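The structure appears below as structure tokens.
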Amino acid sequence: MKLVPLGDRVVIKALVAEETTKSGIVLPGQAKEKPQQAEVIAVGPGGVVDGKEVVMQVKSGDKVIYSKYSGTEVKLDEDENLIIVKQSDILAIIE
């Protein structure tokens, strides 16, 4: 199944959070922070959203940093969790 975002929405896939600290301590599942880095999977067309012209600045394949608790989580397959966010929730592109 394929997700096609509408308007200024972006579909992202969160990158895996680190399981050990720099000092070598293994973190249990509850102690891990929610990841803020993701890969862009699909991008909406942009256009006029709430009366303002929105030009999409990200593209598929970009690595981005997004707001920690933003977006809507969607589960397509058993092992694929995706997040749908507004472009304004994306803070930066990692180059």
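All values below come from the heavy atoms of this structure, side chains included, with hydrogens, waters and symmetry mates left out. Counting from 1, the numbers follow the sequence of the chain as shown. A quick note: this is a predicted structure, and the numbers were derived from the prediction, not measured.
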4.5 Å side-chain heavy-atom contact, Q87 and M56: yes
Short N-O contact, D89 and K86, less than 4.0 angstrom: no
Short N-O contact, E39 and K13, less than 4.0 angstrom: no
Min side-chain heavy-atom separation L15-K63 under 4.5 Å: yes
I93-Y66 co-clustered via ILVMFWY side chain contacts under 4.5 Å: yes
Min side-chain heavy-atom separation I65-I90 under 4.5 Å: no
Derivation of the side chain to side chain contact (heavy atoms under 4.5 Å, CB included) call for L3 and L82: CA-CA 9 Å; L3 282 179; L82 301 175; 3.9 Å; yes
E73 to I83 - nearest heavy-atom pair and separation: CG-CG1, 4.1 Å
Student check: side-chain heavy atoms of V48 and V54 closer than 4.5 Å: no
D8 side, atom CG; Q57 side, atom CD - distance, nearest 0.5 Å: 11.5 Å
Same cluster (ILVMFWY, side-chain, under 4.5 Å), V64 and L91: no
Residue pair V58 / V10, side-chain heavy-atom distance below 4.5 Å: yes
S60 versus A42, closest heavy-atom pair with distance: OG-CA, 3.8 Å
Cluster link I84 to L76, ILVMFWY, side chain under 4.5 Å: yes
Hydrophobic cluster identity match, V74 and I41, side-chain contacts under 4.5 Å: yes
I94/Q37 under side chain to side chain contact (heavy atoms under 4.5 Å, CB included): CA gap, chis, key distance, verdict: CA-CA 9 Å; I94 302 170; Q37 294 184 7; 3.8 Å; yes
Closest approach of P45 to P5 (non-hydrogen atoms, all atoms of both residues): CD-O, 3.7 Å
